[in-house]
There are 2 protein chains.
Amino acid sequence: MNETAPKIRLHVEAPLAEGAEIALDRGQSNYLVTVMRLAAGAEVAVFNGRDGEWRAALTDAHRKAATLTARERTRAQETLPDLHLLFAPIKKARTDFVVEKACELGCARVRPVLTRYTRSERLNLDRLRAHMIEAAEQCGGVSVPGLDPPQQLVAAMADWPRERMLIFCDEARTAPPMAEALTGVARGTPAALLIGPEGGFAPEEAERLRAHPAALPVSLGPRILRADTAAVAALALAQAALGDWAR
Amino acid sequence: MNETAPKIRLHVEAPLAEGAEIALDRGQSNYLVTVMRLAAGAEVAVFNGRDGEWRAALTDAHRKAATLTARERTRAQETLPDLHLLFAPIKKARTDFVVEKACELGCARVRPVLTRYTRSERLNLDRLRAHMIEAAEQCGGVSVPGLDPPQQLVAAMADWPRERMLIFCDEARTAPPMAEALTGVARGTPAALLIGPEGGFAPEEAERLRAHPAALPVSLGPRILRADTAAVAALALAQAALGDWAR
């Protein structure tokens, strides 16, 4: 990291270009002016997921409606690996954890799916999205993965694009280890990771998954992993084999 | 998993053999008899980290001092991969998370280390150890990783056994990706993962690490990871390359 980069990073919706003015919402204005006590002229880093990262100056330090002005692009926009994470929602704290880690490890889309054994807790997508933005702000990301509304797993499978590999963590002991299964798959191949709920897939779901033309059943070792652990482990192995954890 | 295996799993200290009586402590007795309402004759699974997993019957349903009798060994003892996790303690909830994931993903020893930038929060080793046992009980493990008292990183490095690879997550962009760095290393090679604190290693620590004869600097991709995320990602990649996530 650049030692002189501003420490405060904000995700904004506005387009970013030299001289662009960014009207902050009430929450961000309050954070900068009241909580962090920034005065006019102070600099922060901003990103919107499209235009890279910019150094921006606080040009109107209004407590409720502050304005930033973009000065200089400090980082190019990154393109996230074409990797989706499909996961069955779990308890609130562990779901928060999964989406936070998905931001840090990097994937293009987070897709909640409902399975037979999913305990249908309601998902607050706005809250999850805010949590993902916060993770990206804190971890230096210039992208925030997309977040889809929940979908039935059977619907996702019926509508699956042929070219996207559907990597699913199969609890049957016969699946090959994930790293071995991905040996020889070209880096950049579109892929999705599917993590089942606590309690696993229903037998008929596992059967349908194994028979799906895009499916690649894989194993994550001899121990039983919680769903959140499996999601993080699988994201790391996918980035190493297919994504951008390469030279 | 065996469908007929008892659902309740307990970690005990006592030796396990056919007919062995296991005197439960007050907490476990209360849990089985008062909370779970088990009566004499009910079966639970027990493990001690040495003798595999055993089916045991509740032979004295005393609320404060219950007794189990081991009946039959249901699983052999596993040997955990010879992998150590050295991590600089972080905030309590994230430290709990790291030790929980270390149990699930499997490593032989968890070793807290103190670095220049470690915020010296006090570690309650008894509490962490209880958390690890609970993770092993819930995740079907028959082993619990060892937990060492905290040690200064410089002391650990000075006393490092030559044959144990010291894999450290280097924030310098020049380190090779971890999966690539481990290509060709023999499965079963003794290894340790070192995860720095939030804020990274101090420059002189990073220099000393890079110069250490056992050190292997590696990268975990282009994004900045929190310490807990790095620990889980590195454990998964280490298991895939060196540990028991193989056929």
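Below, chain A is the first sequence line, B the second, and so on; all start at residue 1.
- Looking only at heavy-atom pairs under 4.5 Å with chain B, the residue among Ala246(A), Ala230(A), Cys139(A), Ala233(A) that has the most is Cys139(A).
- Interface remark: of the candidates Ala179(B), Ala240(B), Ala241(B), Pro222(B), Pro222(B) forms the most heavy-atom pairs closer than 4.5 Å to chain A.
- Counting heavy-atom pairs under 4.5 Å between each of Ser219(A), Ala234(A), Pro176(A) and chain B puts Pro176(A) at the top.
- For the side-chain contact (heavy atoms from CB on, under 4.5 Å) with Val232(A), the qualifying choice from Val232(B), Leu235(B), Leu105(B) is Val232(B), the only one to do so.
- Within a 6.0 Å sphere centred on CZ of Arg9(A), other residues, nucleotides and ligands contribute more than 12 heavy atoms.
- Between Glu180(A) and Arg187(B) there is no salt bridge, since no side-chain nitrogen of the basic residue lies less than 4.0 Å from a carboxylate oxygen of the acidic one.
- Of the atoms belonging to Thr229(A), heavy atoms from both backbone and side chain fall under 4.5 Å from chain B.
- The CD atom of Glu104(A) sits 6.0 Å away from atom CG of Leu225(B), with the distance rounded to the nearest 0.5 Å.
- The candidate with the highest count of non-hydrogen atom pairs below 4.5 Å against chain B, out of Glu78(A), Glu100(A), Met178(A), is Glu100(A).
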Go through it in stages, so that I can follow the logic: the residues are Leu220(A) and Gln239(B), the test is side-chain contact (heavy atoms from CB on, under 4.5 Å), and I'd like the CA-CA distance, side-chain angles, deciding distance and then a yes or no. CA-CA 9 Å; Leu220(A) 291 173; Gln239(B) 287 291 20; over 6 Å; no

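- Comparing Ala236(B), Ala135(B), Pro177(B) by heavy-atom pairs within less than 4.5 Å of chain A, the highest count is held by Pro177(B).
- Dense packing is recorded around CZ of Arg94(A), with more than 12 heavy atoms of other residues, nucleotides or ligands lying under 6.0 Å away.
- By the 4.5 Å heavy-atom criterion applied to side chains, Leu80(A) and Arg223(B) are counted as neighbours.
- Residues Ile224(A) and Gln138(B) are not in side-chain contact: their nearest non-hydrogen atoms beyond the backbone lie 4.5 Å or more apart.
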